[in-house]
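Reviewing the structure listed below.
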There are 2 protein chains.
Amino acid sequence: MNVKILPLNASEYALLGFLKAGPCHGYELHRKLTEPDGAGMIWGIKISNMYAQLDKLERRGLISGRLLENEQRPARTQYSLTAAGKQLFEEWLHQPVRHPRDFRHFFFLQLFFLSQYEPEALDSLVERQLELCQAWQQNLLAARESSSNSIDFADLTNRFRHSQIQSMIDWLFWIKSEKIKIKPK
Amino acid sequence: MNVKILPLNASEYALLGFLKAGPCHGYELHRKLTEPDGAGMIWGIKISNMYAQLDKLERRGLISGRLLENEQRPARTQYSLTAAGKQLFEEWLHQPVRHPRDFRHFFFLQLFFLSQYEPEALDSLVERQLELCQAWQQNLLAARESSSNSIDFADLTNRFRHSQIQSMIDWLFWIKSEKIKIKPK
DNA sequence: TTTACCTATTCAATTAGTGAATATTCATCC
DNA sequence: GGATGAATATTCACTAATTGAATAGGTAAA
């Protein structure tokens, strides 16, 4: 068997997150996923792709679906979080992202769900993410080559990354210092 | 027929870019692509994936390969840029990126190749990219909702994007004002 | 001469992603 | 009341992207 645990991507965590609020079927989940004022601000996903992700999550035992028939509407499959799914989501939700490239997709999603489900935990996540960002900065500074008069490609990328992360830090401070209350949609 | 022209991704442009220096075979191209002080700073690519990209570029008529046999080494396929490939690369090389998400992958690659092939064109590209970045900023400011005391998710993402782009702008100014000479590797 | 690593490419298999197809219900217009 | 089209809900077939392993000869060193 030897099931290789591939990490979930952002929209899969989002599916778990929306299902935490209660059972739901694919079509409705897709509407939530793409709502222009919500998760849809972060990325887009085609509906057929999302159905494939639901299958994948079910195969991994994180959600389970059952067919609802016998209604006014076309048959639909209602999915619910399993205990495993709930646990995975909760763990993920409170972990700051480990790499800058994940910031945009994952950290935003964490803010999104935390502000809905557990707003009192927001400060702590922001704080720990801030510390990680500052550690990234230190690593970049440490990696800078001894200054010479000519700039090479490594210098360019180092400076760029540093300034991108600085902008994350500034933004996190803004959230923190303004004691921002994120309005749940 | 009806060939849908999918846009090339960063590593495919990089392949065209390296082939502009002269014919080369896959294994060597992969070494260039992943050189830790060069393009390898921007992304990674598995070698089997790169061979698939070479096939794709050949099918699209941007490069052409011929088998070199009769040597000391294992047989290899030497690729060269076609006229169409050269033209596509040159056009791309001088166009600033149209969307912030491309900045990291594409703009860096453009700097990389321009600094090697046409350093006198660097200033102009930086200048035009700067203008585009400033236009992105204007759009974000225009999209900001009338201020209220509560912050919603749209505000968070708008502020974040704005600050990320500001960091690009700062970095471009740094390149520009320091009259930086990028050292070709 | 065996071992191990470097060169060079290909292949089979998996996973991701897209567009179109299917099928039912609902609202609206003539 | 019947036609038309939009909304609901999911599936399917196809293509593209990605990965790990397989193949196979060459070189260097023990």
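Bear in mind the structure is a predicted one, so any value in this text is a computation, not a measurement. Just so we're on the same page: letters track the sequence lines, and every chain starts at 1.
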Original post:
What nucleic acid atoms does A:Ile47 come within less than 4.0 Å of, heavy atoms only: base, sugar-phosphate, or nothing?
Top reply: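 Counting heavy atoms under 4.0 Å across all strands, the contact made by A:Ile47 includes a base.
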**OP:** Check every strand shown and say whether A:His25 touches a base, only sugar-phosphate, or nothing at a heavy-atom separation below 4.0 Å.
**Re:**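 Since only primed, P, OP1 and OP2 atoms lie under 4.0 Å of A:His25, the category is sugar-phosphate.
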Can you check the [X] [atom1] to [N] [atom2] distance for me, whole Å?
| X | N | atom1 | atom2 | value |
| --- | --- | --- | --- | --- |
| A:Leu68 | D:dA9 | CG | P | 10 Å |
| B:Lys32 | C:dA8 | NZ | P | 13 Å |
| A:Leu67 | D:dA9 | CG | P | 13 Å |
| B:Gln78 | C:dA8 | CD | C1' | 14 Å |
| A:Leu33 | C:dG17 | CG | P | 13 Å |
| A:Ile45 | C:dA16 | CD1 | C1' | 10 Å |
| B:Lys46 | C:dC11 | NZ | C1' | 16 Å |
| A:Gln53 | C:dT15 | CD | C1' | 11 Å |

I want to check one thing: is the phosphate of [N], taken as OP1 and OP2, less than 4.0 Å away from some side-chain N or O of [X]?
| X | N | result |
| --- | --- | --- |
| A:Tyr51 | D:dT10 | yes |
| B:Arg76 | D:dG25 | no |
| A:Lys56 | C:dT15 | no |

**OP:** Spell out yes or no: do the side chain of A:Ser48 and the base of C:dG19 have one donor N/O and one acceptor N/O closer than 3.5 Å?
**Re:**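 Result: at least one qualifying N/O pair found.
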Original post:
Start at the 5' end of DNA chain D and walk down; is the nucleotide closest to B:Arg59 or to B:Asn49 reached first?
Top reply: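 Its nearest nucleotide lies further toward 5', so the answer is B:Arg59.
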With a 4.5 Å limit on heavy-atom distance, are the side chains of [X] and [Y] in contact?
| X | Y | value |
| --- | --- | --- |
| A:Leu93 | A:Tyr13 | no |
| A:Met168 | A:Trp136 | yes |
| B:Phe103 | B:Cys133 | yes |

Subject >> Among D:dA9, C:dA8, D:dT10, the one nearest B:Tyr27 by side-chain distance >> reply: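 Side chain of B:Tyr27 sits closest to C:dA8.
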Subject >> Minimum-distance nucleotide to A:Thr77 side chain [options: D:dT10, D:dT8, C:dT18] >> reply: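 Taking heavy atoms from C-beta onward, the closest nucleotide is D:dT10.
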Original post:
Any cation-pi pair here, B:Lys20 with B:Tyr117, using under 6.0 Å and within 45°?
Top reply: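 Yes, B:Lys20 lies over the aromatic ring of B:Tyr117.
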**OP:** Indicate whether any N or O donor in one side chain lies under 3.5 Å from an N or O acceptor in the other, for A:Arg161 and A:Thr157.
**Re:**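 There is no such pair (donor and acceptor under 3.5 Å, judged by atom type) between the side chains of A:Arg161 and A:Thr157.
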Subject >> Pair A:Glu91, A:Gln87: side-chain N/O donor-acceptor within cut-off below 3.5 Å >> reply: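 A pair is found: one side chain offers a donor N or O, the other an acceptor, under 3.5 Å apart.
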**OP:** For DNA chain C, find the residues of residues 8-21 of chain B with a heavy-atom distance under 4.0 Å and give them by number; none if there aren't any.
**Re:**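 Nucleic-acid contacts, sorted: none.
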Original post:
Can you tell me how far the CD atom of B:Gln129 sits from the CD atom of B:Glu131, to the nearest 0.5 Å?
Top reply: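 If we round to the nearest 0.5 Å, B:Gln129:CD and B:Glu131:CD are 10.0 Å apart.
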